[in-house]
Amino acid sequence: MTVPRLGKMKRDGERITMVTAYDATFARLFDEAGIDVLLVGDSLGMVVQGQTSTLPVTVDEVIYHCRAVARGTRRAHVVGDMPFLSWQVSEEEALRNAGRFLSEGGAQAVKLEGGVDAAPTIERIVHAGIPVMAHVGLTPQSVHAMGGFRVQGKTEAAAERVLRDARAVADAGAYALVLEGIPSDLAQRITEAVAIPTIGIGAGPHCDGQVLVCYDLLGLTPDLKPRFVKHYAEFFEEGVAAARRYRDEVRAGAFPSEEHGFGEVKKSETTPKSGLSLVQRARTAYGPKG
Ligand code: KIV
């Protein structure tokens with residue numbers, strides 16, 4: 001999945017699927033499912049680190065998770081999210097940080113939250129050959145300026161501002177645009193106004209694609225179910241039930257049984273011929289395929 005292919009999907013009316021991922025195992029799961037774009041979102045601050053906002057997340061942390069996601073991905077397009085203050089201080093710092101997501105993180109593009117104010121920086125990063133996905137509307141890194149995680153663009157004047165932001169980032173060369181937390185009709189207007197794909201979250205059904213935080217999609221955040229979220233599984237409940245079964249079996253002595261062990265020590269065996277230890281051989285024999 002590439003930047004030009006995503007543009008073609010919009011032109012062909014093919015909807016784009018995007019999910020966040022933070023490690024190699026989840027990346028593999030979504031890649032295998034045929035998800036088009038994996039976003040290593042700064043939402044990791046909330047769902048992985050347990051913070052109350054995305055603000056404490058650092059460039060090094062997102063790059064660490066990017067590397068893991070890139071290793072677990074074969075087909076999907078991997079995007080690294082530029083965290084709070086990683087692009088605003090100066091264009092030089094923005095460019096250097098953006099480049100690290102590709103050279104160190106293995107991402108194919110970066111995402112940054114910002115509209116008109118971010119346009120010159122986006123242009124600079126894009127000119128350096130780094131594809132930029134923009135993000136307008138409800139931008140969680142501006143949580144304090146917005147007075148909370150609030151839907152944006154609800155009045156005609158506010159909607160015009162979001163539309164101006166969208167046009168500015170598209171003109172600056174962004175290849176795709178996340179629309180978060182805005183009314184559905186505004187998302188539709190923006191989707192029709194810009195040539196680049198729009199990817200919605202809390203933006204209704206008229207965008208060119210959709211993104212969900214993977215923990216929400218899989219039902220791993222049981223206490224948090226805002227209106228725009230849909231659980232496609234209940235992994236948290238299933239995980240608790242599985243962990244309880246494990247606890248009960250270990251306590252009862254039912255697990256591990258002989259079938260999970262490696263038998264008895266052979267009296268005659270010395271060092272294995274292969275040079276591998278018994279545990280290394282078991283890992284090789286029973287480890288993941290492919
Ligand atoms: O960080 C994130 O997960 C995001 C998506 C919600 C778009 O920015």
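We use all heavy atoms of the structure for the numbers below, so side chains are in, but hydrogens, waters and symmetry mates are not. Note that ligands are numbered from 1 as they come in the structure, with each ligand's atoms numbered from 1 the same way. Computed from a prediction, not measured in an experiment: that's the story for all the values here.
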> Which atoms from ligand 1 have a heavy atom of Ile201 less than 4.0 Å away?
Replying inline: 6 (C)
>> Go through it in stages, so that I can follow the logic: the residues are Asp36 and Arg75, the test is salt bridge (Lys or Arg N to Asp or Glu O under 4.0 Å), and I'd like the CA-CA distance, side-chain angles, deciding distance and then a yes or no.
In response: CA-CA 8 Å; Asp36 302 309; Arg75 170 194 170 269; 3.0 Å; yes
>> Could you identify the single nearest non-hydrogen protein atom to atom 5 (C) of ligand 1 and state the distance to 0.1 Å?
In response: Leu39 CD2, 3.7 Å
> How many angstroms lie between OG1 in Thr121 and CG in Asn97, if you round to the nearest 0.5 Å?
Replying inline: 11.5 Å
> Is a side-chain donor-acceptor pair under 3.5 Å present for Gln88 with Glu93?
Replying inline: no
> If you measure only the distance, is there a donor-acceptor pair under 3.5 Å linking the side chains of Thr20 and Ser43?
Replying inline: no
> What are the atoms of ligand 1, with element, lying closer than 4.0 Å to any heavy atom of Gly41?
Replying inline: 1 (O), 2 (C), 3 (O)
> Is it true that the side chains of Asp216 and Thr221 contain a donor and an acceptor less than 3.5 Å apart?
Replying inline: yes
> Where does Thr20 meet ligand 1, judged by heavy-atom distances below 4.0 Å: at the side chain, the backbone, both, or neither?
Replying inline: side chain
> Applying a 4.0 Å heavy-atom criterion (strictly less than), which segment of Leu44 is in contact with ligand 1: side chain, backbone, both, or neither?
Replying inline: neither
> So is Asp81 polar-close to ligand 1, meaning N/O to N/O under 3.5 Å?
Replying inline: yes
>> Heavy atoms only, cut-off 4.0 Å: how does Lys111 contact ligand 1, side chain, backbone, both, or neither?
In response: side chain
>> When you measure from the heavy atoms of His135 to every atom of ligand 1, does any distance fall below 4.0 Å?
In response: yes
> For the residue pair Phe26 and Tyr215, does the interplanar ring angle fall in the parallel (under 30°), tilted (30 to 60°) or perpendicular (over 60°) class?
Replying inline: tilted
>> A quick test of your reading: do over 12 heavy atoms of other residues, nucleotides or ligands sit less than 6.0 Å from CZ of Arg15?
In response: yes
>> Between ligand 1 and Ser43, is the shortest N or O to N or O distance under 3.5 Å?
In response: yes
> For ligand 1, is any non-hydrogen atom under 4.0 Å from Thr54's backbone (N, CA, C, O), its side chain (CB onward), both, or neither?
Replying inline: neither
